[in-house]
Number of protein chains: 2
Amino acid sequence: MRYSPDHKEKTRHKLLEVSGALSKKQGFATTGVDRLMAAAGLTSGALYSHFGSKSAFFQALIRHELERSRKLFQPQEGETGAQRMERSLADYLSLAHAHNAESGCALPALSGEIARAEPEVRRTYRCALQEMVGMLSEQGTPPAEAWAVIAQCMGALLMARAMDDDAVREEVLAASRDQLRRMLSDEPAAPTESKKKPRP
Amino acid sequence: MRYSPDHKEKTRHKLLEVSGALSKKQGFATTGVDRLMAAAGLTSGALYSHFGSKSAFFQALIRHELERSRKLFQPQEGETGAQRMERSLADYLSLAHAHNAESGCALPALSGEIARAEPEVRRTYRCALQEMVGMLSEQGTPPAEAWAVIAQCMGALLMARAMDDDAVREEVLAASRDQLRRMLSDEPAAPTESKKKPRP
DNA sequence: GTCTATACGCGGATAGAC
DNA sequence: GTCTATCCGCGTATAGAC
């Protein structure tokens, strides 16, 4: 063949990366195949060689994106559970994340489209989230709390993105950060956002 | 004229109601003008008479829908604040709401599209939410908590809708209900979902 | 105010050259 | 494996009849 053995694999990976970014920024359904492929320097034919149809491509893309999202909540070298959570919240619920959907988590960017997608895509979505909850569970956050954390993060970021004013965006994000910190430290509500304070 | 004086007003209202339901179910951008109008028994020309363009129609629709959403959180006759919150949570975070987007709240159904809409639409969205938070604030829920409640409700419902399994959907919704009850009653975390228990 | 007819572009998808 | 060319349907929007 005219192409190196792993050329297909590399191209496929690049397609998922680049089209994923474009989909998170502009939406998947509203972006044509031509544009999705052009973002990776290819033409529409490439999509049908690799995935067969646009909706099959969507499923592969969701699987790939949620794999990336899972890593956002994974602990890094030498972190305690509390440190990981504090870092995750600060990164996730930030204005930077609100303003850069293309490099951010797929949950707030694509859940709306997934909700209207075929059962196969929704199954992929559910399994990925269950894995994420399982992972958090192993690290000391009970499943019920883990679901609540994910829902809160996704909701707050999506709401912030749909607004038109950074000050209000930050108000929403700060409220969620504060709320989650209190919840995860098992402390009762406090009137203002508390400083970093590891539990005694 | 051939039509009664308030015919235009009534038609406009019907358009917003019926197209709003269809948009929440199938998405706004992905539903053509013909279909949106056909749902109200009209043809595409009607949209341009009333609103001028599809995007102008979207803004009117969002304004109308968020007015409806605000009422979901409004207290009813003879309710206390705690009763209202308990009723709101049970109704909002339910499988019925997850399965019937067309008659439900616009926030989980349309926030993704709003996030990619023109600034004018996003301004409408922000103002409506600020009013909602102001309303909750008057009823005893501080603004920061109100933002967290709305984000959590929207995130949990959207996540539930994007899944393919009712058992897991219910797990997500129950986790959020439980979390919000604990937060609103200023109680520390409990291992399982607590029963209705007004604060002492 | 609403409908029908129509203009024109972009959508997804396929065929065949290389 | 990728590109170019092409088919056909649906998208938004407008013009003119009633």
Side-chain angles (χ1 to χ4, degrees), chain A residues 1-20 22-23 25-62 64 110 112-114 116-118 120-121, chain B residues 1-20 22-23 25-62 64 110 112-114 116-118 120-121:
Chain A
M1 62 178 69
R2 293 170 54 204
Y3 300 87
S4 68
D6 58 347
H7 183 216
K8 180 164 185 171
E9 181 67 19
K10 285 183 179 174
T11 302
R12 183 189 153 98
H13 189 261
K14 184 177 181 182
L15 278 180
L16 291 173
E17 285 284 325
V18 177
S19 299
L22 192 56
S23 298
K25 191 68 171 180
Q26 310 194 349
F28 180 79
T30 52
T31 305
V33 172
D34 282 357
R35 285 181 150 80
L36 288 172
M37 295 298 104
L42 299 174
T43 58
S44 67
L47 183 143
Y48 296 95
S49 300
H50 283 273
F51 303 97
S53 73
K54 200 196 182 191
S55 66
F57 180 51
F58 188 51
Q59 192 189 356
L61 195 151
I62 294 303
H64 185 257
L110 296 176
E113 304 199 47
I114 295 169
R116 292 166 188 130
E118 310 153 353
E120 217 170 348
V121 175
Chain B
M1 63 177 69
R2 292 170 54 202
Y3 299 87
S4 67
D6 59 347
H7 183 214
K8 180 165 185 172
E9 181 67 19
K10 284 182 178 174
T11 302
R12 184 189 152 98
H13 188 261
K14 184 177 181 182
L15 279 180
L16 291 173
E17 285 284 325
V18 177
S19 299
L22 190 57
S23 298
K25 190 68 172 181
Q26 310 195 347
F28 180 79
T30 53
T31 305
V33 172
D34 282 358
R35 285 181 149 79
L36 288 172
M37 294 298 104
L42 299 174
T43 59
S44 68
L47 184 142
Y48 296 95
S49 300
H50 283 274
F51 303 96
S53 73
K54 200 195 182 192
S55 66
F57 180 52
F58 188 52
Q59 192 189 354
L61 194 150
I62 293 304
H64 185 257
L110 296 176
E113 304 198 46
I114 295 168
R116 293 167 188 129
E118 311 152 353
E120 217 170 347
V121 175

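These numbers come from the heavy atoms of this one structure, side chains and all, not from hydrogens, waters or symmetry mates. Each chain gets a letter, A, B and so on, in the order the sequences are listed, and its residues count up from 1.
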May I ask you to evaluate whether [X] reaches the phosphate of [N], defined as a side-chain N or O under 4.0 Å from OP1 or OP2?
X     : N      : result
B/T11 : C/dG1  : no
B/T43 : C/dC3  : yes
A/R35 : C/dC10 : no

Exercise. Looking across every strand, which nucleic acid part, if any, lies under 4.0 Å from B/R12 by heavy atom: base, sugar-phosphate, or nothing?
Worked result: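 Contact class for B/R12: none.
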
For this session: With sequence neighbours left out, write down each residue that passes salt bridge (Lys or Arg N to Asp or Glu O under 4.0 Å) with B/K25, or none if nothing qualifies.
Result: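 B/K25 satisfies salt bridge (Lys or Arg N to Asp or Glu O under 4.0 Å) with B/E102 once adjacent residues are dropped.
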
How many whole angstroms separate atom [atom1] of [X] from atom [atom2] of [N]?
X     : N      : atom1 : atom2 : result
A/Y48 : D/dT6  : OH    : P     : 18 Å
A/D34 : C/dT14 : CG    : P     : 14 Å
A/L47 : C/dT14 : CG    : C1'   : 13 Å
B/K54 : C/dC10 : NZ    : P     : 16 Å
B/F51 : C/dG1  : CZ    : C1'   : 13 Å
B/L36 : D/dA13 : CG    : P     : 12 Å
A/E9  : D/dG1  : CD    : C1'   : 14 Å
B/M37 : C/dC3  : CE    : P     : 10 Å

Problem set entry | Candidates D/dT14, C/dG1, D/dT2 - which lies nearest the side chain of B/K8 |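 That would be C/dG1.
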
Exercise. Of the nucleotides C/dT2, D/dT12, D/dT2, which has the atom closest to the A/L42 side chain?
Worked result: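 Selected nucleotide (nearest to the side chain): D/dT2.
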
Problem set entry | NZ on B/K8 to NE2 on B/H50, rounded to 0.5 Å |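 Nearest 0.5 Å value for the NE2-NZ distance: 6.0 Å.
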
Exercise. In a check of side-chain contact (heavy atoms from CB on, under 4.5 Å) between A/S23 and each of A/I62, A/L61, A/V18, which one passes?
Worked result: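 Only match with A/S23 under side-chain contact (heavy atoms from CB on, under 4.5 Å): A/L61.
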
Exercise. Do A/K14 and A/L42 come close enough that some side-chain heavy atom pair is under 4.5 Å?
Worked result: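 They are not in side-chain contact.
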
Exercise. Quick check: does any side chain N or O of A/E113 sit under 3.5 Å from a backbone N or O of A/A29, one acting as donor and the other as acceptor?
Worked result: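 Yes.
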
Exercise. Which residue, A/S44 or A/T30, contacts DNA chain C at a nucleotide closer to its 5' end, judged by nearest heavy atom?
Worked result: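 Checking each residue's closest nucleotide, the 5'-ward one belongs to A/T30.
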
